[in-house]
Amino acid sequence: MKKSLLIFRLGLIVLTLAVFWPMRDAEFIHLDDPVHVSGNPNLQGGLTWPSIKWAFEAHLVIKTFYLDYWQPVTVLSRLIDVSLFGFNAPAHHLMNVFYHLINTLLAFEVFRRILPKGDEPGRQIWCCAWMAAMFGIHPLHVESVAWVTERKDVLFGMFWLLTTWAYIRYIAKPGWFRYGWVVFFFAMGLMSKPMIMTLPVILLVLDWWPLRRIHSGIAWPDLRRIFLEKLPLFLLAALSFYLIWRLHGKSVNSGGWALTVEKIVVAYGCYLKAAFWPTGLSIWHSPIPYPPFELFLLSAVVLGGVSKWVWDERLLRPWLLTGWVWFLIGLAPVVSLREAAWAERFMYIPLVGLFIMVAGWWLGWVALWAKRVALGAGLFTVLGGGWMAYSYAQQWQDGEKLWRHVMESTNKDIAAREGLCLALTTKGAFREAYALLEETVRIDAGNVRSLTVLGRLKILRGQYRESVRCFEQAITVFPNWDEPYAGLADAFLRMDRPKDAVTWYKKAMAIEPDYAPWHLNLGVLLVNSGRVEEGVEQLREAARLKPDYSAAVYNLGNVLKRQKKHDEAAVYLQRTLKLEPGHLLGLKELAALHLERNWPRRQPQRALELAEMGCEVSKGSDAESYRLLAAACMEVGQKERAVWALRKAAELREMEKEEKKKKATLPPKDRFRWERIANKPQ
């Protein structure tokens, strides 16, 4: 038996890893990942005391743009990732896969304890293996695993399964210590994603079947004790519900309760259909303000019919009722609190209830002669579901693939167009993004994000006045977002209106005071405008907010060098190279600093090393690096090499002048194409 279990576990590992293999080189996508992970300033330093403090305070004592709700355990997991891997996107994706793999193995162990062994223990093992395999590779689970932002799904799923496993162990041998683990895992789940709040109800259903603690002949004291032991879990769930309610308020459809109930029924029907026929999967589904009556009627008939069937069969086939309640109650928070929300990721745990129904039917109903047929059907569903999940996971490798999939397979509404535009912009495909954005804004003139991105692209094309109109329109629609204000500042800066640029940067900072790039941009602008001390103050704040922000650290060191504060400048320039060893500007400024004759701590030999590194980093194409190399060679007595370096610098300067002339003579459209090609990442 132990050997068989090991083979099943290894098979689950191989199967799950094979399906999610495309995640090994996946990127962050622009939807939510920059807000929650890659661009979240609270994660920048990794696991530190201030970041841990923020993880527990966010949406508990302070409100923040960077989280949906209180989820400190999820944030801590991301902080650990940043400490280990930085913002390496494939590493964050693979950590999601790792947690999902743990959940798949946990599911196998929990299923082995939920399903009765009956007369054929071997059949029970095969049923549990099928359930765990479907959990690991079902296409509905791809979104939760392949989307870095949805780390909360795989974590709350892990703690749901751990709580269930700990509860079954507690029932086998009651005791305060084992019960403490039940409460601990449940609390961790609530701090990962509050969707776990319905688990105490599921545990009561498990008490009825398969644990059989609740039955028709149970005495009142025993029944009261079963309910009282769940009291700490219900209190924690109520507290979590209160936090959600306080943060987001009551979410009832504007059409009234009748329309809300109609949407809930349709949502359950859509989730049920997707579980057995997972087609048309997408990161975005267009909201339906008024569901068709035919769809509502069909969903109501199916839900009512299945509910009556499982209730009638509750004594003969109790697993049907347990699985059905698991499915319905598991989805209750999202279909009731999120206005009948529809997204594949919400099925991460509720789907298990349907697995229980199918596996229970196989275990207790299929005749012995039909075992091979059932086994073949199970194998077919695993292979078919695995292939569908693998194909869908490939679409999550980058934002452009994902949103093209949305546009081609589901819909072409404004949100889908916006998603593709932003993905194309991120990849540098500005021309296609520009055309699509203009079309999007024509269709929906109030689309704030599209207006802002379009304004940025117009700046790149030199259409400054048109970009100002885009940003002003975005601010009119939604005045509480900092990006359009910063866009206006950039546009006015290009129009040589630095005072207006300073004003708009300050307005952006008033909305998002802890965003280091705004402090950096304002600091550089103030320095260039002659307000050096004010600029230095802003640069110091940027470096404080984000200690590993090499751009802020470099600019601060550069300005301090201009102010002849050589010792402090050296500290920041050296820190720049520690953060980014190939920082060309940092190499050149530090080399120049070591050539300053009025600095007592100057080291010409060090300047020579830095200049050589600058030439190497620039691949022999930077004239300033060779000029510094010549100066350093003269300082250390290498006169012949200094002459060679000066000639090389002169040649490169001539080439740079020719390149500038070529760019200046291009018409605006061709100049835009030239910039796009020249700035394309290698």
Side-chain angles (χ1 to χ4, degrees), residues 32 36 58-60 67-78 96 99-100 102-103 106-107 110 135 138 140-145 147-164 167 182-206 230 233-251 263-264 267-268 270-272 274-275 283 285 323 325-355:
D32 288 349
H36 294 283
H59 285 320
L60 186 62
L67 286 180
D68 296 326
Y69 36 72
W70 191 56
Q71 44 182 294
V73 171
T74 299
V75 176
L76 289 175
S77 76
R78 290 175 179 152
N96 270 24
Y99 288 120
H100 179 62
I102 291 176
N103 291 347
L106 271 174
V110 170
F135 181 92
H138 199 285
L140 287 183
H141 285 173
V142 171
E143 185 173 300
S144 295
V145 182
W147 193 357
V148 171
T149 293
E150 290 308 311
R151 169 69 56 81
K152 52 199 172 190
D153 271 343
V154 291
L155 284 180
F156 112 83
M158 181 172 68
F159 289 115
W160 178 299
L161 294 168
L162 283 171
T163 304
T164 307
Y167 182 72
V182 176
V183 177
F184 172 75
F185 287 137
F186 182 64
M188 294 288 283
L190 289 172
M191 291 188 287
S192 302
K193 185 176 183 179
M195 191 174 169
I196 198 177
M197 66 175 66
T198 57
L199 179 54
V201 179
I202 303 299
L203 295 181
L204 283 173
V205 176
L206 294 179
K230 308 292 188 306
L233 305 181
F234 278 110
L235 290 176
L236 288 173
L239 178 61
S240 179
F241 178 80
Y242 167 74
L243 292 176
I244 294 290
W245 192 271
R246 187 186 69 172
L247 184 64
H248 295 290
K250 192 175 182 181
S251 179
K263 283 188 172 186
I264 289 174
Y268 271 117
C270 291
Y271 281 118
L272 192 61
I283 192 175
H285 294 276
V325 173
W326 183 307
F327 166 70
L328 295 178
I329 298 298
L331 274 174
V334 293
V335 298
S336 58
L337 298 178
R338 296 286 299 271
E339 293 191 350
W342 160 242
E344 288 98 35
R345 60 186 179 275
F346 295 143
M347 279 289 278
Y348 192 74
I349 284 296
L351 190 60
V352 172
L354 302 179
F355 293 158

Output all residues satisfying side-chain hydrogen bond (donor to acceptor under 3.5 Å, both in side chains) with Q71, sequence neighbours left out; order by chain, then residue number.
-> none
Going by heavy atoms in the side chains, are F234 and V201 under 4.5 Å from each other?
-> yes
For I196 against G189, the heavy-atom pair lying closest together | CG2-C, 3.5 Å
Straight-line distance of L236 CG to K230 NZ, nearest 0.5 Å | 14.0 Å
Would you give the length of the straight line joining atom OH of Y268 to atom CG of L328, rounded to the nearest 0.5 angstrom?
-> 5.5 Å
For residues 151-163, dump all side-chain donor-acceptor pairs below 3.5 Å to protein atoms at least two apart in sequence or in another chain.
unit_1, atom_1, unit_2, atom_2, d
R151, NE, N96, OD1, 2.5
R151, NH1, S77, OG, 3.1
R151, NH1, D81, OD2, 3.0
R151, NH2, D81, OD2, 2.7
R151, NH2, H92, O, 3.4
R151, NH2, N96, OD1, 3.1
K152, NZ, D68, OD2, 2.6
D153, OD1, K193, NZ, 2.5
D153, OD2, S144, OG, 2.9
T163, OG1, F159, O, 2.6
T163, OG1, F186, N, 3.2

d(I329 CD1, M197 CE) to nearest 0.5 Å is 12.5 Å
Identify the two heavy atoms, one from A275 and one from L354, that lie closest to each other, and give their separation to 0.1 Å.
-> CB-CD1, 3.4 Å
How long is the span from the CG atom in L233 to the OH atom in Y167, to the nearest 0.5 Å?
-> 8.5 Å
Would you call the rings of H141 and H100 parallel, tilted or perpendicular, where under 30° means parallel and over 60° means perpendicular?
-> perpendicular
May I ask you to decide if A343's main-chain N or O and Y271's side chain share a donor-acceptor pair within less than 3.5 Å?
-> yes
Measuring from F355:CZ to H138:NE2, what's the distance to the nearest 0.5 Å?
-> 5.0 Å
Donor-acceptor under 3.5 Å (W326 side chain, I349 main chain) = yes
Would you find a donor on one side and an acceptor on the other, under 3.5 Å apart, between the side chain of T74 and the backbone of S192?
-> yes
Determine yes or no for a side-chain-to-main-chain donor-acceptor pair under 3.5 angstrom, with R345 supplying the side chain and I283 the backbone.
-> no
Measuring from M195:CE to L331:CG, what's the distance to the nearest 0.5 Å?
-> 5.5 Å
Positive for side-chain contact (heavy atoms from CB on, under 4.5 Å) with P194, one of W70, Y69, F241 | Y69
How close do L67 and A58 get, heavy atom to heavy atom, and via which atoms?
-> CD1-CB, 3.6 Å
Are side-chain heavy atoms of L199 and T164 found at a separation under 4.5 Å?
-> yes
